[in-house]
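Note that the structure is predicted; figures quoted are calculated from it, not measured. Within every chain, numbering begins at 1; the chains are lettered A, B, ... in the order of the sequence lines, protein sequences first and strands thereafter.
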Amino acid sequence: MELVEESPYRFRIDRRDPMRVPGVVFASEALLPDVGADRSLEQVAAVATLPGIVDASFAMPDVHLGYGFPIGGVAATDVAAGGVVSPGGVGFDISCGVRLLAADLDLAGLRPRLEAVMDGLGGATPRGAGRGAVWHVTGRSDLDGVLREGSRYAVQRGFGVGRDLERCEDHGALDDADPGAVSPRAVERGATQVGSLGSGNHFLEVQSVAEVYDHDVATTFGLWPGQVCVMIHCGSRGLGHQICTDYVRRMEKAMRRYDIQVPDRQLACAPVESPEGHDYLGAMAAAANYARANRQLLTHVARVVFRRVTGGNLDLVYDVSHNQAKIETHGVDGERRTLCVHRKGATRALPPGHPDLPADLCDVGQPVLIPGSMGTASYVLAGVPGAPAFASTCHGAGRVQSRKQAVRAERGQDPHRQLAARDVAVRGASRRGLAEEMPAAYKDISAVVEATEGAGLCRKVARLMPIGVVKG
DNA sequence: ATGTAC
């Protein structure tokens, strides 16, 4: 595995058979994975062998090992040229993403009520593996609404306001969801988890705006220094997981029929224009809508708590997912092409002027929400014109230790105390769960953001610091 | 990420 430095923050993995395109890694020297100890760049090269892939197999500065595709990876295939879709290119947590809410309150105003807010959020947010949900859906019709219409359905049922949808990617729902392509088992798992945080790196965090880098853009996004915010990071729970499992299995079998060979079984895929490809994209869109409704319901809960304790409101800044495949139009070799863009641990970052942006954000570009590791900063970024990698950027800090390694490194320590020392109030989370998510298990989020900006993928708007966190 | 297992 040889890396050629093309420009600062951009490295190339030269194409060699059976790669169809080169690999491109956006990173600083310091953030580059150690090719001796880390297989994530081999995964970047393996993705480059997929039928129909165009331009390059991309890795973001937060790249790390994933199932088949690396996390922090972007790959686009040309639909008309037999391009494939791969469940491993989306990940198990379909449409996992981030939502940022801005309070009409500053940090000083929150301080006296912080414990009450945290107790309220901790008590009202269903979290952890399995157990509990905001919305106990009964029968298939409510769940169908969630799968077909995502946040739009949640708002229609009273869990939010119309303006929320203007600030959601795709206005809160992907259009081509096919609940019929979702297995009964996935539906069964999903029915009891609508409006729940989950576990692992998912969280609901109370934050404050610690620094603003671009005052005008921050103002347009509705953000100002010292302001209190709530960030929600969660996904499609057991439903998305089951859909990924179902379709990996189905595509493993289908590949022989399409005469597709991949260097790793975990890269199972099928042509976008095939029954398997169509069904996966329909099921994936249903899971994506489930994830968006999930974040909408947790928003509702947070608003109820804030209203009760502070008397104030929470306005949606933006909601964007970082695990998804989307059919998009991009210029490739001077031609407009219909592509299936896989973003796995990578965030869409639309440039200023893009038609899919809400009218009031059109001049400044899409808000990009980057959660840091627990107890560290999170960032608000903005899309920039002419960015590479199909308008995509990083999604977070990126793991450097496995969960097991992180738990071992925390042995004999008290993670609760360490977070208290950082002035972060914690609600929920097992000792082990916290140990797995300590900052030492992740790259430095600020270094990741510097590299994405240096690579021309996006630009900084604001840095947020955590005050309190609700964990699974 | 995940009813941390089919």
Asks: Does anything in residues 431-451 of chain A pair up under ring pair (Phe, Tyr, Trp, His ring centres under 6.0 Å), and if so which pairs, sequence neighbours excluded?
Replies: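 Checked against ring pair (Phe, Tyr, Trp, His ring centres under 6.0 Å) - neighbours excluded - no pair reaches residues 431-451 of chain A.
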Asks: Can you tell me which residue pairs pass the ring pair (Phe, Tyr, Trp, His ring centres under 6.0 Å) test with a partner in residues 267-287 of chain A, sequence neighbours excluded?
Replies: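 Residue pairs with at least one partner in residues 267-287 of chain A: A:Y247-A:Y280.
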Asks: Are any protein N/O atoms closer than 3.5 Å to N/O atoms in nucleotides 3-5 of chain B? If there are, list each pair with its distance.
Replies:
unit_1: B:dG3; atom_1: OP1; unit_2: A:R189; atom_2: NH2; d: 2.0
unit_1: B:dG3; atom_1: OP2; unit_2: A:Q193; atom_2: NE2; d: 2.8
unit_1: B:dG3; atom_1: OP2; unit_2: A:R237; atom_2: NH2; d: 3.4
unit_1: B:dG3; atom_1: N1; unit_2: A:R189; atom_2: NH1; d: 3.4
unit_1: B:dG3; atom_1: N2; unit_2: A:R189; atom_2: NH1; d: 2.8
unit_1: B:dG3; atom_1: N2; unit_2: A:R189; atom_2: NH2; d: 3.2

Asks: With sequence neighbours excluded, tell me which residues meet salt bridge (charged side-chain N to carboxylate O under 4.0 Å, His left out) with A:R39.
Replies: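 With sequence neighbours excluded, A:R39 shows a salt bridge (charged side-chain N to carboxylate O under 4.0 Å, His left out) to A:E42, given in chain and number order.
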Asks: Which residue pairs pass the side-chain hydrogen bond (donor to acceptor under 3.5 Å, both in side chains) test when at least one of the two sits in residues 179-190 of chain A, sequence neighbours left out?
Replies: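 Those involving residues 179-190 of chain A are A:S183-A:D246, A:R189-A:Q242.
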Asks: Name the nucleic acid region contacted by A:G240, choosing base, sugar-phosphate or nothing; use a 4.0 angstrom heavy-atom cut-off, strictly under.
Replies: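 No contact.
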Asks: Once you round it to whole Å, what is the distance between P of B:dT2 and CD1 of A:I71?
Replies: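 So the two atoms are 13 Å apart, to the nearest Å.
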Asks: Name all residues meeting the salt bridge (charged side-chain N to carboxylate O under 4.0 Å, His left out) criterion together with A:R167; count only those two or more places apart in sequence or in a different chain, and write none if there are none.
Replies: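 With neighbours one apart ignored, the set is A:D360.
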Asks: Can you measure A:K404 atom NZ to B:dT2 atom C1' for me and round it to whole angstrom units?
Replies: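 Rounding to the nearest Å, NZ of A:K404 and C1' of B:dT2 are 16 Å apart.
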